Engineer: 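Here it is: the structure, laid out below.
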Amino acid sequence: MSDQTIATKKEITFSFPDGSTRTYPSGITGVEIAESISGRLAREALSITVDNTVFDLHRPLTTGGKITINMWDDEDGKMAFWHSSAHILAEAVEALYPGVKLGIGPPIEQGFYYDIDFGDTHVSSDDLPKIEAKMVELARQKNQFERFEISKEEAISHYREKNDPYKLDLLEGLEDGTISFYKQGNFTDLCRGPHIPDTGRIKAIKLLNTAGAYWRGDNASKQLTRIYGISFPKKSMLDAFLHQLEEARKRDHKKLGPQLGIYMIDRMVGSGLPMWLPKGTTLRRTLEAFLRDEQIRRGYDEVITPHIGNLELYRTSGHYPYYKDSQFAPMQIDDEGYLLKPMNCPHHHRIYDNEMRSYRDLPVRLAEFGTVYRYEQTGELNGLSRVRGFTQDDAHIYCTNDQLKQEIKHCIELTQFVFSTFDMPVDIRLSFRDANDEKYGGERKLWDRAQQEIREAADEMDLVYKIADGEASFYGPKIDFIIHDALGRKWQLGTVQVDYVMPERFDLTYVGSDNQKHRPVIIHRAPFGSMERFTSILIEHFAGNFPLWLSPQQAVIIPVSEQFNELAESYRSQLQEIGIRVKADLRGEQIGAKIRNAETNKIPYMLIVGEKEKENQSVSVRKHKKGDIGSFNFSEFLSIIKKEVDEKVLPDQDPAPQA
RNA sequence: GCCGAAGUAGCUCAGCUGGUAGAGCAACGCUCUCGUAAAGCGUAGGUCGUCGGUUCGAAUCCGAUCUUCGGCUCCA
């Protein structure tokens, strides 16, 4: 960069996001540009982006281009803010723990962290308030972030002197002439930047937790202490963030799941092996029925395959011994090795190969809710979302190369339909191969064609997508669906993957119109991914307040007193008759207690019956979280509730029946 | 697997520097027969995750181990 060049009389022109352009003398800084527009802009600006490169606001600019002055709401602004916060964290730690060695301290999606080698000192979350207080003190000093460039040689001797092996390791990968340092207060760090103008912008700081993290993410190298934190330009933003955290904590499926009777994990059965309780099973079977019906409508055939398979099957697929470390050890049966199945595909491939396939039969779409077992490391297990035994909503589509594009479209369409039912927005990522040919199997020519067709399919469906090079699986490119839940968190769920490798390995063929054998291509797809993981996300997405069609118990009948138990029973059987999951609460409790009980169990409908209802065959309806919605003729209510189930109405868009 | 934290009644939690466990809710029994988020009284319930050590004495101190939580690594 030539920004060190003293500004000449040259003029440079910037174009702003609104399309307007302005001309300034070369060497002008971002702050000065902001000031020329408004004082408030200058006060709140955090960084400036020129033609996709982000600069400090105090950096003299010598080339014009498209600029954005980044505020808190701009991604580039926020990243600079959190990056600068990480520097303050490091400054505070250096002040409190002299002699520590610093690793890296980047901004992340929500906040920042710094990896630090504390030597023999143990730092735990108990120490965070102290560090946090120091950070606040340093932030208040309003120290400027000063940038300077130095030679690689100087940088190396600086860190030799400080005896910091991590920074020296980082320096090795850097070119001379591109090395910059940033200094604020008493702290200097090797850093590419950019940073916010001064520490005073940071008004609220919270250190969240500590964790071990391997240097450079390599589990063979030393583990450093990572401190996570977040910071904001306003105290109120921190409060809102903490409130959001609290919300997420309340929705935690590990808490809500067992509480609502969805699942349990029992140490005698084994960790990572969840058991679906009756209510959870109802929920899961309802989800499965939903997807199964859609699949049948779309020409899938359902199959069922065993939970174990001969080791030979997995040698053929290549999964054994390649994934040996993440599988349960094979068992010996009559001199042969058997494996608890880690995926369903090989079984399905053998079903495909069971008969002679003609091009007229294709595509063959085999679907199975197939349970698989994988050995996950103990530290990885997490409620329902990371387990050792789970069920995939798996399917394999065997088709010709000419059918591929159409089939990809079908899969995308099904996946989108599924997520729209839950009102979950979806991001689409096309995961393609990168230049490292070593990583991939199958013919390059076929890959290129598949990637082309995936892209065409996405374009023809007017999808908005991102392309991620290097994210493909080893056997083919794929489309990943990343959904957003009600709290705005992102989860990668469904995938649609193209596979050229397995047809070769299993020698799968079909007879073409030319009477010659041809290779089919396989699409692996799973909209939910895994029933366990998807359920965990559903629980958190809805905070346990499931839409009526998914609720394990859809209604409870509450007689005002025991005198009306008979009426309650009669209503219950009529509701059950039309397929509603309903119970009558006939306990000798008071009505308020029964209602409270139903509310805490998140039962969508509470139907109160007493004298009035007995007289005119009506029902007083109370909705979960909404309260009393009035009285209905009972037979009228039957059709209302039936309709709500059939239409899969979501809790929020709920057109509450008017009394 | 690695770093850090935590495990007391079904649940939520109390139990100070060692003196052998306590509350609320839930459960069960009785009374109340009740109109939209907790009726009253009573009963029962714990070898304080497990094993070992220190001590006259351990929920409390030490060690090991298991499980869970927050991360790291991994994820066909």
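Each chain gets a letter, A, B and so on, in the order the sequences are listed, and its residues count up from 1. Just so it is clear, the model here is predicted, and its values are computed rather than measured.
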Engineer: Between C28(B) and G15(B), how far apart are the two P atoms, rounded to whole Å?
Structural biologist: 31 Å
Engineer: Provide the distance between the two C1' atoms, one in U47(B) and one in U8(B), to the nearest whole Å.
Structural biologist: 13 Å
Engineer: Applying a 4.0 Å non-hydrogen cut-off, can you work out what Leu381(A) is touching in the nucleic acid: base, sugar-phosphate, or nothing?
Structural biologist: sugar-phosphate
Engineer: Report which part of the nucleic acid Gly379(A) touches: base, sugar-phosphate, or nothing (heavy-atom distance under 4.0 Å, all strands).
Structural biologist: base
Engineer: P atom, C34(B) versus G29(B): distance in rounded Å?
Structural biologist: 22 Å
Engineer: What integer number of Å spans the P atoms of C69(B) and C56(B)?
Structural biologist: 41 Å
Engineer: For Gly441(A), report the nucleic acid contact type (base, sugar-phosphate, nothing); a contact means any heavy atom under 4.0 Å.
Structural biologist: nothing
Engineer: Describe the nucleic acid contact of Lys612(A) in one word from base, sugar-phosphate, nothing, applying a heavy-atom distance below 4.0 Å.
Structural biologist: base
Engineer: May I ask you to check whether Trp215(A) and Asp117(A) show a side-chain donor-acceptor distance below 3.5 Å?
Structural biologist: no
Engineer: Please state whether the base of C3(B) and the side chain of Arg226(A) form at least one donor-acceptor pair under 3.5 Å?
Structural biologist: no
Engineer: Stepwise, does the salt bridge (Lys or Arg N to Asp or Glu O under 4.0 Å) test hold for Arg572(A) with Glu569(A)?
Structural biologist: CA-CA 5 Å; Arg572(A) 188 193 57 73; Glu569(A) 263 302 306; 3.0 Å; yes
Engineer: With P as the reference atom in both, quote the distance from A59(B) to G49(B) in angstrom, rounded to an integer.
Structural biologist: 10 Å
Engineer: Which listed nucleotide (C75(B), G4(B), U67(B)) is nearest to the side chain of Ser271(A)?
Structural biologist: U67(B)
Engineer: For A76(B) and U68(B), measure between their P atoms and round to the nearest Å.
Structural biologist: 23 Å
Engineer: For Glu611(A), which contact category applies under a 4.0 Å heavy-atom criterion: base, sugar-phosphate, or nothing?
Structural biologist: base
Engineer: Select base, sugar-phosphate, or nothing to describe what Tyr113(A) touches, counting heavy atoms under 4.0 Å on all strands.
Structural biologist: nothing
Engineer: Does U20(B) have a Watson-Crick or wobble partner in any strand here, with both distances under 3.5 angstrom, and which is it?
Structural biologist: none
Engineer: Reckon Lys602(A) has a side-chain N or O less than 4.0 Å from the OP1 or OP2 of A37(B)?
Structural biologist: no
Engineer: For Gly610(A), which contact category applies under a 4.0 Å heavy-atom criterion: base, sugar-phosphate, or nothing?
Structural biologist: base
Engineer: So what does Asn209(A) touch, heavy atoms closer than 4.0 Å: a base, only the sugar-phosphate, or nothing?
Structural biologist: sugar-phosphate
Engineer: Please step through salt bridge (Lys or Arg N to Asp or Glu O under 4.0 Å) for the pair Asp218(A) and Arg216(A), ending with a clear verdict.
Structural biologist: CA-CA 5 Å; Asp218(A) 175 5; Arg216(A) 294 197 167 230; over 6 Å; no
Engineer: When all nucleic acid strands are considered with a 4.0 Å heavy-atom cut-off, which category describes Gln327(A): base, sugar-phosphate, or nothing?
Structural biologist: base
Engineer: Are OP1 or OP2 of A76(B) and a side-chain N or O of Tyr373(A) less than 4.0 angstrom apart?
Structural biologist: no
Engineer: Would you mind classifying the nucleic acid contact of Ala213(A) as base, sugar-phosphate or nothing, using non-hydrogen atoms under 4.0 angstrom?
Structural biologist: sugar-phosphate
Engineer: Run Arg226(A) and Asp115(A) through salt bridge (Lys or Arg N to Asp or Glu O under 4.0 Å) and show every step you take.
Structural biologist: CA-CA 4 Å; Arg226(A) 175 171 299 178; Asp115(A) 283 347; 2.7 Å; yes
Engineer: Taking atom types as they are modelled, would you say the side chain of Ser326(A) forms a donor-acceptor pair with the base of A76(B) within the 3.5 Å cutoff?
Structural biologist: yes
Engineer: Contact class for Ile608(A) vs. all strands (heavy atom < 4.0 Å): base, sugar-phosphate, or nothing?
Structural biologist: base
Engineer: What nucleic acid atoms does Phe474(A) come within less than 4.0 Å of, heavy atoms only: base, sugar-phosphate, or nothing?
Structural biologist: nothing
Engineer: Please report the distance separating the P of A9(B) from the corresponding atom of A21(B), rounded so that it comes out in whole Å.
Structural biologist: 15 Å
Engineer: Between Gln590(A) and A39(B), is there a side-chain N or O to OP1/OP2 distance below 4.0 Å?
Structural biologist: yes
Engineer: Of all the nucleotides listed (G1(B), C34(B), A76(B)), which has the minimum atom distance to the side chain of Ser561(A)?
Structural biologist: C34(B)
Engineer: OP1 or OP2 of G1(B) less than 4.0 angstrom from a side-chain nitrogen or oxygen of Thr378(A), does that happen here?
Structural biologist: yes
Engineer: Can you identify which nucleotide, out of A76(B), U33(B), C74(B), has its nearest atom closest to the Glu562(A) side chain?
Structural biologist: U33(B)
Engineer: At 4.0 Å (heavy atoms only), tell me whether Glu613(A) reaches a base, stays on the sugar-phosphate, or touches nothing.
Structural biologist: base
Engineer: Out of Tyr440(A), Phe432(A), Tyr475(A), which one pairs with Trp447(A) under the ring-ring contact (aromatic ring centres under 6.0 Å, His included) rule?
Structural biologist: Tyr440(A)
Engineer: Can you check whether Arg622(A) has a side-chain N or O nearer than 4.0 Å to OP1 or OP2 of A37(B)?
Structural biologist: yes
Engineer: Can you measure Trp491(A) atom CH2 to C75(B) atom C1' for me and round it to whole angstrom units?
Structural biologist: 16 Å
Engineer: Phe534(A) and Phe528(A): aromatic ring centres closer than 6.0 Å?
Structural biologist: yes
Engineer: Checking base pairs now: Watson-Crick or wobble, both atom distances under 3.5 Å. What partners G70(B)?
Structural biologist: C3(B)
Engineer: Which base, if any, makes a Watson-Crick or G-U wobble pair with G63(B), both distances under 3.5 Å?
Structural biologist: C51(B)
Engineer: If we take the C1' atom in both G22(B) and C66(B), what is their distance in whole Å?
Structural biologist: 27 Å
Engineer: Using the side chain to side chain contact (heavy atoms under 4.5 Å, CB included) rule, take Met79(A) and Phe112(A) through it: C-alpha gap first, then chi angles, then the decisive distance, then the call.
Structural biologist: CA-CA 9 Å; Met79(A) 287 300 130; Phe112(A) 56 90; over 6 Å; no
Engineer: Across all strands shown, which nucleotide pairs with G10(B) by Watson-Crick or G-U wobble geometry, both distances under 3.5 Å?
Structural biologist: C25(B)
Engineer: Taking NZ, NE, NH1 and NH2 as the nitrogens, is one of them in Glu644(A) or Lys623(A) under 4.0 Å from a carboxylate oxygen of the other?
Structural biologist: yes
Engineer: Mind checking Gly588(A) for me? I need base, sugar-phosphate or nothing, with any heavy atom below 4.0 Å counting as a touch.
Structural biologist: base
Engineer: Does a side-chain N or O of Asn382(A) approach OP1 or OP2 of U68(B) to a distance below 4.0 Å, or not?
Structural biologist: no
